[in-house]
Structures are given as C-alpha cells and as structure tokens.
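By convention here, the first residue in the shown sequence is residue 1. Keep in mind the model is a prediction, meaning the values are calculated, not measured. For ligands, and for the atoms within them, numbers begin at 1 and follow the listed sequence.
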Amino acid sequence: MRAERGNTFFIHTFGCQMNQADTGIISAFLQAEGYCLATNEADAGIILLNTCAVRENAVDRIEHFLQHLYGQKKRDKKLIVGVAGCIPQYRREEMFSLYPAIDFLAGPDTYRTIPSLVEQVRSGGKLASLEFNSAETYDGVEPVRQSAISAFVPVMRGCNNMCAYCVVPFTRGRERSQPFSSVIKEVRTLAAAGYREMTLLGQNVNSYCDMERGSDFADLLDAVSREAPETRIRFTTSHPKDISASLVKTIAARQNICNSIHLPVQSGSSRMLGLMNRGHSIAEYREKIALIRSILPDVALSTDIIAGFCGEKEEDHQASLELLADIRFDSAYMFFYSTRPGTLAAKTLEDDVPEPVKKRRLQEIIDLQNRISGELFQEAIGTVVEVLAESESRRSSAQLMGRTAGNRAVVFDRECYNPGDLLSVLITAATSATLTGRPAQV
Ligand code: SAH
Ligand code: SF4
Ligand code: F3S
C-alpha cells in the first residue's frame with residue numbers, strides 16, 4: 001500500500017493559463033516514468049505546487065500552502081514536496097531555508113528533470129534544477145489534459161518585453177516559439193480527439209515567429225483555424241504595441257476564431273505607460289481599439305489594469321477611469337500594484353502610492369467596470385447566443401455552464417444537452433458576471 005502511494009503524485013496549479021498548460025507537461029513526464037496521477041492530495045506521496053510570482057498575494061498564498069505541507073510532512077516522513085513554476089525561478093535556493101517543507105525546486109525550463117529529482121530526493125537531500133534554457137519548448141510532449149472539451153496549446157514561451165512592474169521575463173526567460181509544424185500537428189491530434197475549443201497561449205502571442213517558414217502569429221492562427229474548422233479557436237495574450245491589422249483581419253475571415261480579444265492596457269495614462277515601459281501611448285491604444293472595432297464591430301474586448309503603480313497621481317487614476325468608461329470593455333482583470341523584487345520598477349522607481357490609496361483606486365476601477373459589464377450583459381437579455389457547454393453548473397446538475405464566443409459565462413437549463421455541445425441559448429437574465437438562459441428553439 002505504502003509503495004503504491006509513494007508513486008502517486010498530485011499537482012496544485014496557481015497562476016496563469018501557461019502554468020495550467022505546464023501542469024499537463026509535468027504530469028506527462030512523471031507518468032512516462034511510471035508515476036500515477038492521484039485524484040486528490042491525500043492519496044499522493046508526491047505533492048507539487050506549480051507556482052505564480054506575479055503579485056505579492058499570489059506568493060503569500062503559496063507560503064501558506066507550504067506551511068500546511070510542512071505540518072503534513074511531520075506526520076508523513078516519506079511525503080515528497082516539490083515546487084515548480086515561477087516562484088523558484090527567481091527566489092532560487094533561498095527557498096529551502098525559507099520553507100523547510102520543500103524537497104526540490106524546478107523552473108519552467110527544467111520540467112524534464114522532475115522524475116529524476118524525485119528519485120534523487122528519495123536517496124536523500126534537497127535539490128534545485130533552475131537553469132534557463134531558451135531552446136526548451138517541450139516540443140513533441142503530449143500533455144496530460146484535464147478536459148476533453150477545451151485544450152490549451154502553448155505556441156510560445158518566455159517574454160522579451162520588460163514591462164517595469166513585471167516579473168515574468170525573470171521567471172520564464174527569453175521568448176521562443178514552438179515550430180509551426182508542431183503546433184499544427186498538435187491541433188490536428190486534438191481535433192481528431194474531438195476537442196471543441198483550443199486556446200493558443202503565449203505571454204505575447206503577437207511576437208510569435210517561425211523563422212524557417214517566415215510565419216507570424218496571423219499566419220499561424222489562420223492555419224490552426226483551417227486545420228480544426230469545427231473547433232472554437234481562442235488566443236491570449238496580445239500586446240497592444242504588436243497587435244496587427246492582419247491578425248484582426250484573420251479573425252474576421254475565419255468563422256471559427258472567436259470574436260474576442262484580450263488587450264491589456266494597464267493604465268489610462270500615457271505618462272504611466274511610459275514609466276511602465278509598455279512601448280505605446282494611450283492615443284496609440286485607442287487607435288488599435290478603433291482599428292479592431294472597424295474590422296470586427298461585434299468584438300468582445302477585455303483588458304488588465306493596474307491601480308497605484310509607482311508615481312501614479314490622482315489625474316492618472318482618473319485617466320484610467322475615463323478610458324474604461326470610453327472603451328466599455330466586456331470584462332477586466334483588475335489589480336493593485338505590488339512591487340516584485342528584481343524588476344525594473346523595484347530597482348529604479350519608488351513604490352510611493354500608499355496602500356489605502358491603491359486599494360481605494362482599485363475599488364473605484366472595479367465598481368466602474370462592474371457597472372459597465374452589468375450594462376453590457378443586460379443588453380444581451382432577449383438575444384440568442386451560441387454557447388459551448390463546458391460543465392454542469394456549480395449549483396445544479398439540471399443546469400449547464402458554458403461560454404459565448406465573446407467569453408461570457410452562461411448558465412442555462414440543461415434539457416437534452418451535455419458538456420461539449422455547441423448550442424443556441426436564449427438569454428433571459430443577467431448579472432455583471434453571468435448570463436442566464438435556456439436552449440433556444442431553432
Ligand atoms: N503577458 C501578459 C500577462 C502578464 S501577467 C500580458 O502582457 O498582458 C498578467 C497581469 O498581471 C498583467 O497584465 C498585469 O496587469 C498584472 N501584473 C503584472 N505584474 C504586476 C504587479 N507587479 N502588480 C500588480 N499587477 C501586476
Ligand atoms: Fe510581463 Fe509585459 Fe511580458 Fe506581459 S508583456 S509578461 S506584462 S513583461
Ligand atoms: Fe504567474 Fe508565472 Fe503566469 S508569474 S502569471 S504563473 S507566467
């Protein structure tokens with residue numbers, strides 16, 4: 001019994017979709033060496049945390065988790081705890097002294113070494129495998145997938161931008177693209193397996209480049225949509241300075257590419273964008289939005305925004321509110337700034353907005369955006385939308401939860417439908433986060 005448990009693993013995943021995709025890659029490497037994926041933490045002899053370092057509260061959560069695991073390790077001496085993802089890559093070996101629960105550390109470019117790290121930990125010692133390897137794309141690895149309906153397809157790793165607030169270039173290293181032919185092969189396999197939705201992933205997908213073919217992201221997206229014509233295609237994330245007219249035209253031309261773009265703005269003030277090193281002004285951002293809306297009038301736009309970055313004055317904050325009110329994004333991820341050690345901002349700028357001010361500004365942003373999302377969602381009442389059913393709703397098995405092409409969550413009466421079905425839904429009610437409805441008679 002014990003020996004069996006020792007060979008089972010469980011992975012807790014934090015952070016962005018890239019980490020979710022990587023969890024599938026780590027699982028594939030462990031399974032290839034005979035380890036089994038446990039259905040819950042309590043059944044596992046090896047527990048891995050795939051971590052996020054993007055904001056301080058993300059790191060705090062993982063600290064708490066490691067304290068809980070330390071208690072567990074005291075009761076179960078054979079339990080192995082590994083930490084993967086973005087925290088170890090920049091906190092490095094100091095993690096061992098800070099968190100005694102940890103047996104091994106692995107960074108985003110060293111997941112191939114995880115099975116051997118587990119073996120070595122068993123023979124005693126604590127190990128770190130944290131080299132950057134800008135040639136590593138995990139090309140050809142078939143990830144273990146969580147869902148049979150939706151799949152993530154990483155098309156690039158790393159980031160070469162140096163946004164002043166952001167730790168990602170330090171945790172994930174240099175940008176590199178997956179070969180065009182490998183992406184297409186993966187998409188073909190997923191389509192043959194019946195996947196209904198694929199999301200192409202990268203920190204900045206617009207800098208995708210296959211040098212040998214001379215292909216950019218618009219070429220890749222077009223080819224992917226043709227390879228899987230029955231599948232919904234999404235992608236994230238686009239950087240405003242790099243999104244091109246040819247990409248927007250590709251979305252318009254291909255019916256199965258979702259009419260939805262996530263375009264993080266971070267601030268409504270050009271002065272702040274300069275300090276953030278984003279490489280564009282607000283006037284340029286507005287021009288990009290106008291271009292997108294001229295080609296895709298029904299596009300659903302979403303964004304990321306940070307309140308209280310270094311040097312932010314009340315007028316900069318007001319500019320962020322004005323931008324949100326003008327553009328009327330469908331939804332937004334909203335954060336208050338937290339300094340990340342090692343970043344450009346941590347080295348050269350003063351984190352001078354007091355925390356209560358940051359939180360007040362963030363709350364104003366959230367209140368405004370919720371009002372806008374609520375108004376936009378109310379406008380959907382009475383319309384018929386196409387929904388991909390993803391799962392049973394949390395409240396009742398008589399209802400399903402799915403998403404529109406614009407990524408709006410919809411809860412609807414199940415009737416004869418099942419997860420994986422694409423159907424028309426009549427919207428009958430709405431909050432600022434969810435639409436409610438019933439299958440439409442068509
Ligand atoms: N590559 C993506 C996402 C990066 S991280 C992009 O460029 O858009 C996701 C979001 O976290 C960022 O868009 C930003 O809004 C937020 N973020 C990053 N660092 C942060 C920090 N130090 N404090 C607060 N929010 C941060
Ligand atoms: Fe971070 Fe900027 Fe890269 Fe996005 S584009 S991951 S915000 S450095
Ligand atoms: Fe977090 Fe790393 Fe993603 S820092 S947001 S898990 S790239």
Side-chain angles (χ1 to χ4, degrees), residues 11-23 26 49-62 83-91 106-109 111 152 154-175 200-208 235-243 261-268 272-273 275-280 285 301-310 312 320 329 331-347 349 351 353 355 358-359 361-362 365 369:
I11 306 181
H12 289 280
T13 309
F14 303 84
C16 64
Q17 291 150 321
M18 196 57 92
N19 260 15
Q20 290 176 41
D22 280 355
T23 287
I26 298 171
L49 308 186
N50 193 4
T51 61
C52 174
V54 80
R55 280 171 293 278
E56 202 173 300
N57 53 12
V59 178
D60 290 347
R61 267 180 79 195
I62 285 148
V83 179
C86 289
I87 298 184
Q89 197 62 48
Y90 92 116
R91 299 284 286 277
D109 290 344
Y111 293 153
F152 291 129
V155 301
M156 53 177 298
R157 301 179 68 87
C159 183
N160 284 359
N161 290 312
M162 277 286 167
C163 302
Y165 50 80
C166 185
V167 80
V168 173
F170 304 93
T171 66
R172 292 199 162 253
R174 305 293 294 168
E175 211 167 79
L200 309 187
L201 289 184
Q203 293 299 345
N204 178 15
V205 288
N206 303 107
S207 41
Y208 177 86
F235 60 93
T236 196
T237 300
S238 294
H239 194 300
K241 74 178 161 53
D242 298 326
I243 191 163
I261 300 179
H262 183 62
L263 201 63
V265 67
Q266 315 298 359
S267 169
M272 297 313 295
L273 293 182
L275 289 173
M276 288 174 168
N277 202 24
R278 288 289 284 175
H280 65 87
Y285 186 84
L301 293 167
S302 54
T303 200
D304 292 350
I305 194 152
I306 301 175
F309 183 62
C310 310
E312 189 186 72
S320 288
F329 293 100
S331 63
Y333 296 95
M334 299 162 279
F335 315 101
F336 68 82
Y337 172 63
S338 68
T339 307
R340 309 314 297 130
T343 57
L344 214 61
K347 286 190 210 147
L349 299 171
D351 182 12
V353 180
E355 190 156 316
K358 284 182 185 172
K359 290 192 167 161
R361 290 181 186 166
L362 175 63
I365 288 174
Q369 183 55 45

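The closest approach between Thr237 and ligand 1 falls below 4.0 Å for a heavy atom of the residue. Taking a 4.0 Å cut-off on heavy atoms, Asn204 fails to register as neighbouring ligand 1.
Minimum interatomic distance between Tyr337 and Gly308 (heavy atoms only, all atoms of both residues): CB-O, 3.5 Å. The minimum heavy-atom distance between Pro154 and Met18, with the atom names listed, is CB-SD, 4.3 Å. Of all non-hydrogen atoms in His262 and Tyr333, the two that sit nearest each other are CE1-CD1, 3.7 Å. Of all heavy-atom pairs spanning Val59 and Arg91, the tightest one is CG1-NH1, 3.7 Å. Looking at every heavy atom in both residues, Thr51 comes nearest to Asn19 through O-ND2, 2.9 Å. Between Ala84 and Tyr111, the closest heavy-atom pair is CB-CE2, 3.8 Å.
Taking the six-membered ring where tryptophan is involved, the planes of His280 and His239 are perpendicular, since the angle between them exceeds 60° and thus also 30°.
When hydrogens are left out, the protein atom nearest atom 22 (N) of ligand 1 is Ser338 O, 2.8 Å; that is the closest non-hydrogen contact. Among protein heavy atoms, atom 11 (O) of ligand 1 sits closest to Arg55 NH1, 2.8 Å. Ranking the protein heavy atoms by distance from atom 4 (S) of ligand 3 puts Ala53 N, 3.3 Å first. At the top of the distance list for atom 19 (N) of ligand 1, counting protein heavy atoms only, stands Tyr165 CD1, 3.3 Å. For atom 13 (O) of ligand 1, the closest non-hydrogen atom on the protein side is Asp304 OD2, 2.6 Å. In terms of protein heavy-atom proximity, atom 4 (C) of ligand 1 is nearest to Gln203 OE1, 3.9 Å. For atom 8 (O) of ligand 1, the nearest protein heavy atom (residue, atom name, distance) is Pro264 CG, 3.1 Å. Among all protein heavy atoms, the one lying closest to atom 15 (O) of ligand 1 is Gln266 OE1, 2.7 Å. Among protein heavy atoms, atom 7 (S) of ligand 2 sits closest to Tyr165 OH, 3.4 Å.
Atom 3 (Fe) of ligand 3 has Cys16 SG as protein N, O or S atoms under 2.8 Å away. Protein N/O/S atoms found under 2.8 Å from atom 2 (Fe) of ligand 2: Cys163 SG.
The structure places CG of Leu263 at 4.0 Å from OH of Tyr285, a figure rounded to the nearest 0.5 Å.
The proximity of Tyr337 to ligand 1, defined as any non-hydrogen pair under 4.0 Å, involves the side chain as well as the backbone. Of all the heavy atoms of Phe336, the ones lying under 4.0 Å from any atom of ligand 1 belong exclusively to the backbone.
Partners of Asp22 according to the side-chain hydrogen bond (donor to acceptor under 3.5 Å, both in side chains) rule, which considers only residues two or more places apart in sequence or in another chain, are Arg157, Arg172. In this view, Thr339 and Asp351 satisfy the side-chain hydrogen bond (donor to acceptor under 3.5 Å, both in side chains) rule, not counting sequence neighbours.
Under the 3.5 Å distance criterion, the side-chain polar atoms of Thr171 are left unmatched by any main-chain donor or acceptor of Cys86. In this structure, Thr303 contributes its side chain and Val265 its backbone to a donor-acceptor pair below 3.5 Å. With hydrogens and angles ignored, the 3.5 Å screen pairs a side-chain donor or acceptor of Asn160 with a backbone N or O of Glu175. Counting only distance, with no hydrogens or angles, the side chain of Ser338 and the backbone of Glu56 share a donor-acceptor pair below 3.5 Å.
Note that Arg340 lies outside the cation-pi zone of Tyr165, set by a 6.0 Å cut-off to the ring centre and a 45° limit from the axis.
Between Glu312 and Lys358 there is no salt bridge, since no side-chain N of the basic residue sits under 4.0 Å from a carboxylate O of the acidic one.
Checked by distance only, ligand 1 and Thr339 stay at 3.5 Å or farther apart across all their nitrogen or oxygen atoms. Checked against a 3.5 angstrom limit, the closest N/O atoms of Arg340 and ligand 1 fall outside it.
The closest side-chain donor-acceptor pair between Thr23 and Thr13 falls under 3.5 angstrom.
When each atom of ligand 1 is checked for a heavy atom of Val54 under 4.0 Å away, the hits are 5 (S), 18 (C), 19 (N), 20 (C), 21 (C), 22 (N).
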